[in-house]
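Let me begin by handing over the structure; questions about it come next.
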Amino acid sequence: EISFSQHFLIRLIIYIHIIFGLGLVFGLFLTTKNGPSIYIFGGLIIALGIILWFAANRKFKKDTKKYKTLITESLEL
């Protein structure tokens, strides 16, 4: 059986977006001088990380299925 794994840099980018957004929002809770626009910015970064995560997983699963099919057809297994 052929196994595939997602590239490390893709996972790193997604985790950095989510951690950066959570850190920004958490840091804003500790300070009280910031306006609501910064909270929205932090929330957008978290949302971007989650969207990237879902999109990367969906593309990875689709590509894995496609490559397994191509390899199986090429090797006639």
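Predicted model only: the values in this text are computed from it and were never measured.
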Here the gap from Lys66 atom NZ to Lys59 atom NZ, rounded to the nearest 0.5 Å, amounts to 7.0 Å

With the 4.5 Å side-chain cut-off for hydrophobic clustering, are Ile51 and Leu44 part of the same group?
no

Do Phe60 and Ile71 belong together in a cluster built from hydrophobic side chains that touch within less than 4.5 Å?
yes

Would you please test Leu70 and Tyr67 for side-chain contact (heavy atoms from CB on, under 4.5 Å) and show each step?
CA-CA 5 Å; Leu70 286 172; Tyr67 292 137; 4.3 Å; yes

CG of Leu52 to CD1 of Ile16, rounded to nearest 0.5 Å, is 11.5 Å

Distance (rounded to the nearest 0.5 Å) between Phe8 CZ and Ile13 CD1
10.5 Å

